[in-house]
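Take a look at the structure below.
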Amino acid sequence: MSVSTQLPQIVPSSECFRCDVCCRFPEADSFLRPYFTEREIAAALARGVAPERFPDAAGSQVRVVAHPQGDGYLCPAFDPVTAHCQIYDARPLDCQLYPFALMWNASKDRVLLGWDAKCPFMRDAVPADVQAHAERVEAVVMTHVTSATIARHPRLIGPFQDDVVIIRELPELTARLVRRPVDARLQPLTVADAPRYARALVDSGWLAGEPLAAHAFAYHYLWTTLLPYWWMEQDRTLYLFAQSPDGFFLACPPIGAGPLVQRVREAFALMRGWNRSSAVSRIENVSETQKDELVRAGFRCGAKPPDYVYDAAALAELKGDGYKSQRALCNRVVREHAVTIDSYRASDREACAVLYERWAVQKRRSGLDRMGLLLLEDAEAAHRLACFEGALLGLEGTVARVDGEVHAYTFGYWLTPQVFCVVIEVADRSMPGLAQLLFRATCRRVVERGGTRINAMDDAGLPGLREAKQAYRPVALVNNWVVTEG
């Protein structure tokens with residue numbers, strides 16, 4: 001669901017048309033100019049706003065234009081004659097929030113929600129209505145997708161203003177933006193840490209045999225859109241922690257050549273100190289071999305859904321009765337549509353974002369259970385990150401175009417020179433066979449590059465996804481475990 005459908009305008013349009021405050025600025029560099037994210041910039045460009053109005057396509061405040069009939073400046077999307085916004089249906093979050101505002105407190109260590117006293121309507125608004133709308137705004141701001149967007153675009157949080165009436169603090173948003181480590185040794189995970197992680201992974205020897213998809217750096221970095229990740233390194237061992245609202249857990253076992261049991265005990269000692277009475281302390285993504293060693297040492301292990309691993313050559317060809325259904329679907333979509341398969345390009349970003357929203361609506365209408373809905377909500381920010389920073393993470397993307405328009409995309413990474421992991425898949429569900437065709441194309445590219453295995457990750461415990469993955473006849477299920485103290 002888009003933010004625009006979640007945030008109705010509290011100020012009646014009739015009041016806005018008579019107002020001379022919004023969309024007008026006294027200075028060309030006014031800090032009140034609305035901030036546009038990368039997706040919002042693309043939407044504004046599609047509706048006719050000139051590209052030079054945005055100094056940074058990855059996110060920026062809009063460059064205003066001189067008022068044609070007087071002093072001051074205007075938002076380039078504002079028509080001073082009609083007092084209408086020409087991109088109203090695609091206006092950015094910054095504008096949707098107004099006359100409410102997100103801002104720092106005076107010492108810039110807490111995020112506040114308030115309303116702008118410069119808005120004439122708000123000075124006479126019914127307090128109960130203001131409070132009710134404030135609760136709607138807070139609910140939207142604190143969804144995973146919106147809070148992750150704000151964390152990636154901290155300039156959406158404005159400076160402290162005396163004429164903004166404070167309603168409440170937003171401690172959860174503050175925690176996302178002001179990351180204070182509980183331990184001075186912890187460092188926030190960034191793209192620049194990928195080489196360090198890769199060296200530790202080589203030292204660990206985990207990539208022999210059938211490794212878990214979750215042992216790769218890209219897997220974890222994609223989910224920094226949902227949770228803060230921290231790392232620390234000691235005794236040639238790298239510890240990768242994720243921070244949930246309940247406390248810290250280890251996102252994978254300690255990475256390095258040191259003794260596993262000793263390092264795991266050290267990790268639990270750290271988490272006990274940080275988490276205090278919380279029961280969140282655990283280690284995720286433990287392999288079968290690691291699990292056996294830790295069980296012998298007295299730790300408890302619980303099973304997670306396994307990774308599904310396939311023979312890449314078999315899926316590239318889809319020969320035989322075992323793949324009759326998938327082969328028929330591929331033939332159908334090729335017969336009914338003009339499909340082309342291309343490598344993902346940066347220019348595909350907005351098309352993929354639009355497709356994701358359409359696909360998410362289709363998924364919701366298919367009758368997802370509560371877990372499926374939560375996973376869908378969590379995934380949007382990770383998909384955006386893949387589109388914008390995928391090349392830095394080593395992700396390789398592929399898109400399927402129908403009549404020149406993107407209707408499916410996928411991203412993955414090489415876990416080893418032989419194993420390619422498919423981490424993201426989206427296909428227009430109104431075109432049966434398109435998902436199967438793109439997956440087959442991905443497998444063919446893997447084979448051309450010398451790959452022999454496709455790791456399609458786990459099924460997240462969703463019955464429908466489990467059935468779809470099993471239908472492709474996996475050659476191996478790579479067991480995955482969660483470890484807690486005994």
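- Checking side-chain atoms of Thr442 against main-chain N and O of Leu438 turns up a donor-acceptor pair under 3.5 Å.
- No donor-acceptor pair closer than 3.5 Å links the side chain of Thr224 to the backbone N or O of Tyr229.
- Contact annotation: the side chain of Arg440 never approaches that of Gln436 to less than 4.5 Å [non-hydrogen atoms, C-beta and beyond].
- Side-chain atoms of Ser430 and Asp428 include a donor-acceptor pair closer than 3.5 Å.
- The CG atom of Leu260 sits 7.5 Å away from atom CD1 of Ile283, with the distance rounded to the nearest 0.5 Å.
- Ion pairing of Arg349 with Glu38 is absent here, as no side-chain N (NZ or NE/NH1/NH2) approaches a carboxylate O to less than 4.0 Å.
- Judged as a side chain to side chain donor-acceptor pair (under 3.5 Å), and not counting sequence neighbours, the contacts of Arg466 are Asp459.
- Using cut-offs of 30° and 60° on the angle between ring planes, the pair Phe100 and His133 is tilted.
- At a threshold of 4.5 Å between non-hydrogen side-chain atoms, the residues Leu222 and Leu395 count as touching.
- Under the rule for a ring-ring contact (aromatic ring centres under 6.0 Å, His included), the partners of Tyr472 that lie at least two apart in sequence or sit in another chain are Phe439.
- In this structure, Arg445 and Ile341 have side chains that are in contact, with non-hydrogen atoms separated by less than 4.5 Å.
- Rounding to the nearest 0.5 Å places CG of Asn455 at 10.5 Å from CZ of Phe420.
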Query raised in the report: Could you walk me through whether Thr37 and Arg152 pass the side chain to side chain donor-acceptor pair (under 3.5 Å) check?
Result: CA-CA 9 Å; Thr37 68; Arg152 290 193 355 263; over 6 Å; no
Query raised in the report: Going through the checks in order, is the side chain to side chain donor-acceptor pair (under 3.5 Å) test met by Glu284 and Asn480?
Result: CA-CA 8 Å; Glu284 298 268 3; Asn480 192 344; over 6 Å; no
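- To the nearest 0.5 Å, the span separating OG1 on Thr174 from CG on Asn105 amounts to 8.0 Å.
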Please list every donor-acceptor pair under 3.5 Å in which a side-chain atom of residues 293-301 meets a protein atom from a residue at least two apart or in another chain.
from, atom 1, to, atom 2, distance (Å)
Arg300, NE, Glu485, O, 3.3
Arg300, NH2, Glu485, O, 3.2

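- Taking the ring-ring contact (aromatic ring centres under 6.0 Å, His included) definition, one finds that Phe217 meets it with Tyr197, Tyr221, sequence neighbours left out.
- Partners of Arg429 under the side chain to side chain donor-acceptor pair (under 3.5 Å) rule, at least two apart in sequence or in another chain, do not exist in this structure.
- Using a distance-only test at 3.5 Å, with no hydrogens or angles considered, a donor-acceptor pair links the side chain of Arg444 to the main chain of Ala316.
- In this structure, CG in Leu415 is found 9.5 Å from CD in Glu210, a value given to the nearest 0.5 Å.
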Donor-acceptor contacts, no H, no angles, side chain residues 382-391, under 3.5 Å, sequence neighbours left out:
from, atom 1, to, atom 2, distance (Å)
His383, ND1, Tyr409, OH, 2.8
Arg384, NH1, Thr149, OG1, 2.5
Arg384, NH2, Glu380, OE2, 3.1

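- In summary, the side chains of Trp481 and Gln290 do not present any donor paired with an acceptor at a separation below 3.5 Å, with no hydrogens or angles considered.
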